[in-house]
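Each remark here refers to the structure printed beneath this line.
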Amino acid sequence: MRDYIEERAEEIGMYIVNSGATVRQTARKFGVSKSTVHKDITERLIRVNPMLAAQTRVVLDANKAERHIRGGLATREKYLHRNK
């Protein structure tokens with residue numbers, strides 16, 4: 001694997017762990033696709049830094065568990081501002 005891809009995977013992992021960011025937020029920050037972020041975390045980071053990959057997985061699992069709540073809040077905000 002190319003060095004810059006491994007470095008990007010580690011940078012992405014550190015960013016997610018430190019900020020608690022979602023895959024979508026991380027993709028926007030690093031200028032890559034959501035698929036790339038997901039592949040970096042689930043496949044590449046495990047080979048490069050297994051400990052960081054485990055920490056990242058904890059954050060992503062928490063984000064996944066909360067996503068239905070965030071979606072509901074976003075919909076609520078949408079309709080609150082729409083009626084004004």
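The model shown is predicted, which means the values in this text are computed figures rather than measured ones.
- Judged as a salt bridge (charged side-chain N to carboxylate O under 4.0 Å, His left out), not a single pair has a partner in residues 15-24 (not counting sequence neighbours).
- When the options Val17, Thr36, Ile41 are evaluated for a side chain to side chain contact (heavy atoms under 4.5 Å, CB included) with Ile12, the one that passes is Ile41.
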Distance-only check: which donor-acceptor pairs under 3.5 Å involve side-chain atoms of residues 55-63, not counting sequence neighbours?
residue: Thr56; atom: OG1; partner: Leu52; partner atom: O; Å: 2.8
residue: Arg57; atom: NH1; partner: Asp61; partner atom: OD1; Å: 3.2
residue: Asn63; atom: ND2; partner: Ala21; partner atom: O; Å: 3.0

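- For residues 27-63, the pairs satisfying ring-ring contact (aromatic ring centres under 6.0 Å, His included) are Tyr15-Phe30, with sequence neighbours left out.
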Stepwise side-chain contact (heavy atoms from CB on, under 4.5 Å) test for Thr26 and Lys29: CA-CA 5 Å; Thr26 304; Lys29 166 91 172 147; 5.6 Å; no
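- Annotation: side-chain contact (heavy atoms from CB on, under 4.5 Å) contacts of Lys39 (sequence neighbours excluded): Glu43, Arg44.
- The cluster map of Ile, Leu, Val, Met, Phe, Trp and Tyr, joined by side-chain heavy atoms under 4.5 Å apart, puts Ile46 and Met14 in different clusters.
- With sequence neighbours excluded, no residue forms a side chain to side chain donor-acceptor pair (under 3.5 Å) with Thr42.
- Listed by first and then second residue, the salt bridge (charged side-chain N to carboxylate O under 4.0 Å, His left out) pairs that reach into residues 8-22 are Arg8-Asp40, sequence neighbours excluded.
- Heavy-atom minimum distance, Gly13 versus Leu45: CA-CD2, 4.0 Å.
- Hydrophobic clustering of Ile, Leu, Val, Met, Phe, Trp and Tyr side chains at less than 4.5 Å, counting indirect connections, keeps Val32 apart from Val48.
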